[in-house]
Structures are given as C-alpha cells and as structure tokens.
Amino acid sequence: MEKQAVIQQKRKGFHFRLQVEERSDEPPKWLSPLLTVLALVVAFAIAGILIALVGGDPIYTYSRMWKAAFGTWFAFSDSLTKAIPLIFCGVACSLAFHMKIWNIGAEGQFFLGAFGASLVVLAPIVPKGSSSWVYIPTMMLSGMIFGALWGFIPGYLKAKLGVNEIISTLMLNYVAVAWNNFFLFGKWSYQGFQMSEKFPKEALLLRLSDIAKKYNIKALQGMALHLGIIFALVTAIIMYFVIYKSKWGYEIKLTGDNPNAAKYAGINIMRNTILVMALSGAIAGLAGASEISGVVKRFQGSISPGYGYTGVIIAWLSKLNPLMTIPVSIFFGGLIIAGREIQPSGIPKMIQGIILVCLISFDFFLHYRIRISRISAFAEE
Amino acid sequence: MEIFQILASALAGGTILLFGMLGGIFTERSGVMNLAIEGYMLLGATIGYKVAAQTGNPWVGLLAGILAAAVLGVLHAFICVTLKADQVVSGLAINFVGTGVSMVLGANLSNLIGKVNLLPTITFPALSNGSAVSEALYILTKQNVLVYIGLIMIPIANWYLFKTRPGMHLRAIGENPEAADSMGVSVNKLRYLYTILGAALAGLGGVSISVAIYPGWFSELTTNGKGWICVGLVIFSQWQPIRGAMGAYFFGLLSRVILNLKIPETLFGGIKNPFFANPNLTFFLEMIPYLFTLIVMIIGANEARRKRIGAPAALGQPYSRGQRGK
C-alpha cells in the first residue's frame, strides 16, 4: 500500500513525458552543422572539466592554446603547416569511409610515403644535382606509389579473402614504423645518428621563408608554410569532384550505403574496394612525401604525431566532404601546435577523442527526434 | 631449462592478450562491436599503475584499473546501445579517448619504474630441489597470480557461454535479438552489461601489463598495439574462448621467441645469428607479431568461409523494439 502511494505521488510530480522516435523525414539542412558546432562546444566543455579535475585551469589552458595556435601570423603559419598532412589524411579517410571501408592505416601509408620520397633522394633514384622540377615530382610520385602499395595490401585482402580491413590496416601501421626504422638506424643513418643526411636544396618544397629571402619580404621571414599546402588544397578539390560529381564516386557512395543494391546494379565491388584502398593510400602517402620534403628535410623517425589517426576524426568531423577537411584540418593543426605549448602533452589527443565521441553522440538527433509532451497529472490514473 | 623459461614467459605474455580477447568475445557475442580494446587496455594499465603507486597496494591498483576501463565501457555502451550510433566509429572514438586520457593522467608515471609494488608471483618452492622434471615444473609454475587467474578464466568463460542459461541469453541477443526479446530477455540491458564486462576484462589485461607482467608505464608503448592484436584474435577465435586462448598463448610464445632471437651470438648451437651480427635486422623481427596477426586473420577468414562460421549475426546492429535493427 505504502509503495503504491509513493509511485502515485511521483507520477503526479512529473508532468512531462519524453518520447524518442525515429525521424521519418529528412532532417532539416541546418541541423547537421548546428549539431557539429554543439558537439564541439560540449567536447571542449567536457575536456575543460577533465583538465580541471587533474588540477589545471581550463580557461587559462584554452587561451594559451588559442594563442599558441592562431595568436600571431607566425603561429598561424605553423598551424597551416601542420594542416597540410592532416588535409591529405582527412581526404584519404573520407574517400574510404564513403564506401564504408575503414581505412585506419593512413598513419602507416604516411610513413611509407615518407619512405618513398626519401628513397628518391637517398637511393638515389634521381641523379644528384638534378633540378627541383625533376626531384619534387619524382618524390611525390614515389611517395604516392608506396602509400598506394600500403593501401593496396589490405584492400586486396579484404576484397579477395574477406580480411577485416580495420585490423589489417592497423597492423600495417606498426609494420611501416619498423620498416622505416630499419632504414633509419641502418642503411641511411648519417654518422650514426638516427636520421639521414640533409636533403639537397632541390629536393625541398618551397617555403614562405625562402620567398622572404629571395624578395626580401620581412613579414614572411622564418615562416615554415610550404608548397605542400597547394598540393593539399588541389587534392581536396579534385577528390571533391571525384566523390560527388563522377560516376565512380557515385558507385562508391552507393556501395557504402547499400552494398546489395550496388551488387544488383552491376557494380564491381571487389575492384572498387581495391581501387579505393590504393587511392586512399596514395593520398596518405602524398602526405608523408610532402611532410618529408617540406618540413623534415631529411629522412627521420617520429615524423608524425598521429596524423593518420587524426585523419579519421577529421574525416568524420567534415562529414566525409573533402572540401570541409580544409577548415577542419586547420583547426586540428592548431590543436597540434598548441599541444607543444601545454603540459601534460596528452591534452590535445584527449580533446580529439572527446570531440569524436561528442560528434557521433550528437548524430543521434539526425536520426531520432525527442518529443517532450505534457501530460496532465491525473491522466495516467 | 631454457625452453621452459621461454614457455613460462610465453604463458605470461599470452595472459595479457587472453584477457583482452575474452573481453572482446563477451562484448561481441552480445552483438556490440568491440574495437576499443586498445583504449581500455591502456587506460587500465595507466590507472592501475597510478593507483598502485599512490596507495602502495597493487590490488587496489588492479581494481581501479578494471573500474576505469569499465567506465569507458559504459560510454561505449551508451553510444552503441542507447544512441544507436555506428559501432565501428564509436570503437575508434573510445580508443582515442582512452589513449588521450591515459596520456594526460600518466604524465609523470614513467619516472616511477621500479618503485611500485607489483602483484605477487606464485612459486612452488617444494619443486625447486628435486630432479630435472621438478626443476622444469618449478620454472613453468613461477608465474604472476594473474597468469593463474587467466588460466582459470578460460574454462569458466567457455562453460558460461555454452552451458549456462545467462550464456545462452548472451548468444541469443547477438544472433537474433528479436527472438530473444520476444522470449523476455531484455536485449539492451544485457548489451550494456556485456559491453561493460568486456571493457573491464580488457582493463584487467591492461593492469596485467603495468602492475604484473611487464611492469612499468611507457606511454603508448605500454600496450603498443596489443589491444589491436586482441581484436584480431577475437576474429580468429570465431568467438570461442578456448580457440582464442590457444591463439593468445601462441602469440605469447611468438613474442618471446622473437626476443630470444635478438640476443645470442649463435643460434641452435652453431649457426651465426644474423640479428646479432646486424642489429638493424631486428626491426624485421619486431614486425613479426603484426604480420602474424595478418596471417592469423587470413586463416580465420578462410576457415570461417569454409565452415560457414560467421560473426554473431546481429554484430554491429543496434536493436530497437518493433522494427528490424537499422
């Protein structure tokens, strides 16, 4: 008797009913970007709470991060430089994700791309003293080929043998690091250091600081932004047209959305799986090549703070749209730059993870609608 | 005697993978993808080590590590079960969170190596003073307590899955949630439970690294892809604990043999060790566990196709009542 009374009282107190129902209509166009922004805000709030919990001051941390990333033109140039490999990796992941192929191997493909570009200089494939017009295209091409190879392997295994590509791409990431280390510590080691000798000037991508020196522009002095940004932008634009405007892009999207329909439409899924993985790998390889030639200037270890993995988040944040990867990558480039300034250094990585969690959580509202209806206090009795 | 030493450390190394793999099996049997093992493991290893260092009691660390991973598991379950989001992406996201939080919380832990109390090692001194056989047994049985817990867990997991009522419910919600629901099994509640249980087991795997078997905290290298190897093992195991356990111990053996190949000047009593002469070649040895995971996946995929054994039928599909999973 007593128990019942309590329940009744509770019912009287609660005048609203929450109802979750699936959306039958298309969600309005403004909803998706709004949810993305909301997810970002919530992610930074949660990360802030976590920072406070470990004894930091979130407001101070964030303002320092912002200053470090975008506070000056100099910092902005650094953030843009970091955005270059991120754009490539983001586009690479977007392409594969459109077909629901989970290429988590952009990191390994990046390393192999860096290896491929270095091979041109250090093997050497191009004779010493060649001009930049020979060096740069060969390096980029070689990086793409090696990246493509690293994408082809899991693509082939998935298409022909049904091997889960998430695991295979991830395992190849670890193999790629060991592969590069072999050359780093052995064959290409320079005077026993874990790096190669510095590349000749002709093998380096043009930097803003080079322009500053040549034309004596004070404002650009010491800025590290390099020609790779143009490559990255062009790649993103081309891939936008490939994915959204070409027949092949349509095949990929259809296969991702509805593999059965794609099969009945006569699309060669096996071939496309391999092609998509190889192309995705080639783009990520280009990231490695441009990073080696534009930033690192030699073959070296630890050239990536996880560009390939961040590419996954970037692809998701840009809703798999290659053009959107550009602003998103600049934002994440800033996050990486900011990470160098703050302690503990894991904070940017943590923020990245929380952003991805919030993003996929907020996508809930794209597919479902929550209805709050008022119920009268006694209606239930 | 050296062979027994190798076998002993194979058992220990395999135990880490065993916990993560069992966690994966339980979660995925319920129909929820578990790609977050690496993140759970690293968080478990970090929190376990940190708390063990702060309290001086490794058992408290063990509990804390398991709990931390379980909390992360709640998040995964919430995203996959309640929000019905893509389980692959959720798994990846949880990995990022687990790694990131571990990096932040573990900032100064690498200074503590050697100063933290570890979980006890069990020995049988009675074996130590006898014949060669008992000497071998002594070496083989000198193991961390977690190794024994792991060994006990295999038959228990198998029995639970295939011989008990709750185990049957677990398999049912992964194979045919509609039918299970109509029989009165609450699908989503159980999916929460097993996602969290899977996370806790992976967390145990993490603790078994940092506070027991390979003591210490070395940022991301603490786990160094072991969680991902577990994900591969789950697929290889065909979601069966015993098959998976054999895989896990074999991996333990493999990584120990690799370690042994690096050091001596000559191998098998006469052949010059190429890895001693040229230490750079050891980088190829380091690739072996990862390449082997690939091979294991290929074998697993082939066999699954031949025998028509697949993943749990509802794996990756969220369940809502009154409609087929979307």
Side-chain angles (χ1 to χ4, degrees), chain A residues 20 22 47 50-51 54 56 97 100 102 104 153-154 157 161-164 166-168 170-187 189 306 309-310 312-313 316 343-364 367-368, chain B residues 35 38-39 75-76 78-79 82-86 88-108 219-220 224-225 228-229 231-232 235 278-294 296-298 300-302 304-305 320 323 326:
Chain A
V20 177
E22 203 166 342
L50 284 177
I51 291 171
V54 295
F97 292 177
K100 294 238 161 67
W102 305 107
I104 319 298
I153 298 169
L157 290 178
L161 301 168
V163 173
N164 182 317
I166 299 176
I167 318 291
S168 58
L170 259 158
M171 291 299 121
L172 287 177
N173 288 347
Y174 292 98
V175 175
V177 173
W179 173 265
N180 274 15
N181 277 345
F182 170 69
F183 286 90
L184 203 57
F185 283 76
K187 217 169 165 51
S189 163
Y309 300 112
T310 309
V312 174
I313 305 178
W316 213 254
Q343 286 298 328
S345 56
I347 287 179
K349 199 159 221 165
M350 183 181 79
I351 294 177
Q352 287 183 17
I354 296 172
I355 287 176
L356 188 54
V357 166
C358 290
L359 269 176
I360 55 176
S361 304
F362 275 75
D363 271 352
F364 177 74
H367 307 299
Y368 297 89
Chain B
L35 294 178
E38 176 86 0
L75 187 60
H76 186 49
F78 177 69
I79 295 173
T82 305
L83 299 183
K84 305 181 203 307
D86 192 300
V88 173
V89 187
S90 173
L92 293 174
I94 298 294
N95 266 313
F96 282 117
V97 173
T99 316
V101 172
S102 303
M103 292 293 146
V104 172
L105 293 177
N108 300 314
S219 77
E220 277 164 290
N224 200 17
W228 290 109
I229 292 179
V231 177
I235 297 172
N278 185 357
N280 288 314
L281 287 178
T282 54
F283 288 114
F284 287 101
L285 284 180
E286 277 169 21
M287 292 177 191
I288 289 176
Y290 307 111
L291 287 177
F292 202 78
T293 310
L294 265 185
V296 159
M297 298 277 300
I298 294 170
N302 241 342
R305 202 161 19 167
S320 353
Q323 66 184 58
K326 213 190 146 188

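Just so it is clear: chains get the letters A, B, ... in the order the sequence lines come, proteins before strands, and each one is counted from 1.
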Where do [X] and [Y] come nearest, in terms of heavy atoms and distance?
X        : Y        : answer
A:Ile166 : B:Val88  : CD1-CG1, 3.7 Å
A:Val357 : B:Ala93  : CG2-CB, 3.7 Å
A:Ser168 : B:Leu294 : CB-CD2, 3.3 Å

Backbone N/O of [Y] and side chain of [X]: donor-acceptor pair under 3.5 Å:
X        : Y        : answer
A:Asn164 : B:Met297 : no
B:Asn280 : A:Phe182 : no
A:Asn173 : A:Ile104 : yes

So which part of [X] gets closer than 4.5 Å to some heavy atom of chain B, the side chain, the backbone, both or neither?
X        : result
A:Ile167 : side chain
A:Trp179 : both
A:Asn181 : both
A:Leu172 : side chain
A:Val312 : side chain
A:Ile351 : neither
A:Ile347 : both
A:Tyr309 : both
A:Leu359 : neither

Between [X] and chain A, with a heavy-atom cut-off of 4.5 Å, which part of the residue counts as in contact: side chain, backbone, both or neither?
X        : value
B:Asn224 : both
B:Ile298 : both
B:Phe284 : side chain

Taking C-beta and beyond as the side chain, do A:Leu170 and A:Trp102 meet within less than 4.5 Å on heavy atoms?
no
Can you find a heavy atom in the side chain of B:Lys84 that is under 4.5 Å from one in the side chain of B:Ser320?
yes
Taken to the nearest 0.5 Å, the spacing of B:Leu291 CG from B:Leu285 CG works out to 11.0 Å
OH-CG distance between A:Tyr368 and B:Leu83, expressed to the nearest 0.5 angstrom:
9.5 Å
Could you have a look at [options] and say which one has the most heavy-atom pairs with chain A under 4.5 angstrom?
options                             : value
B:Met287, B:Met103, B:His76         : B:Met287
B:Asn108, B:Asn95, B:Leu92, B:Thr82 : B:Leu92
B:Val89, B:Val97, B:Val231          : B:Val89
B:Asp86, B:Asn302, B:Thr99          : B:Asp86
B:Ile288, B:Leu105, B:Leu281        : B:Leu281

Between B:Tyr290 and B:Trp228, is the side-chain contact (heavy atoms from CB on, under 4.5 Å) condition met? List the steps.
CA-CA 9 Å; B:Tyr290 307 111; B:Trp228 290 109; over 6 Å; no
Heavy-atom pairs under 4.5 Å with chain B are the metric here; pick the option from A:Ile354, A:Leu157, A:Val175 that has the most.
A:Val175
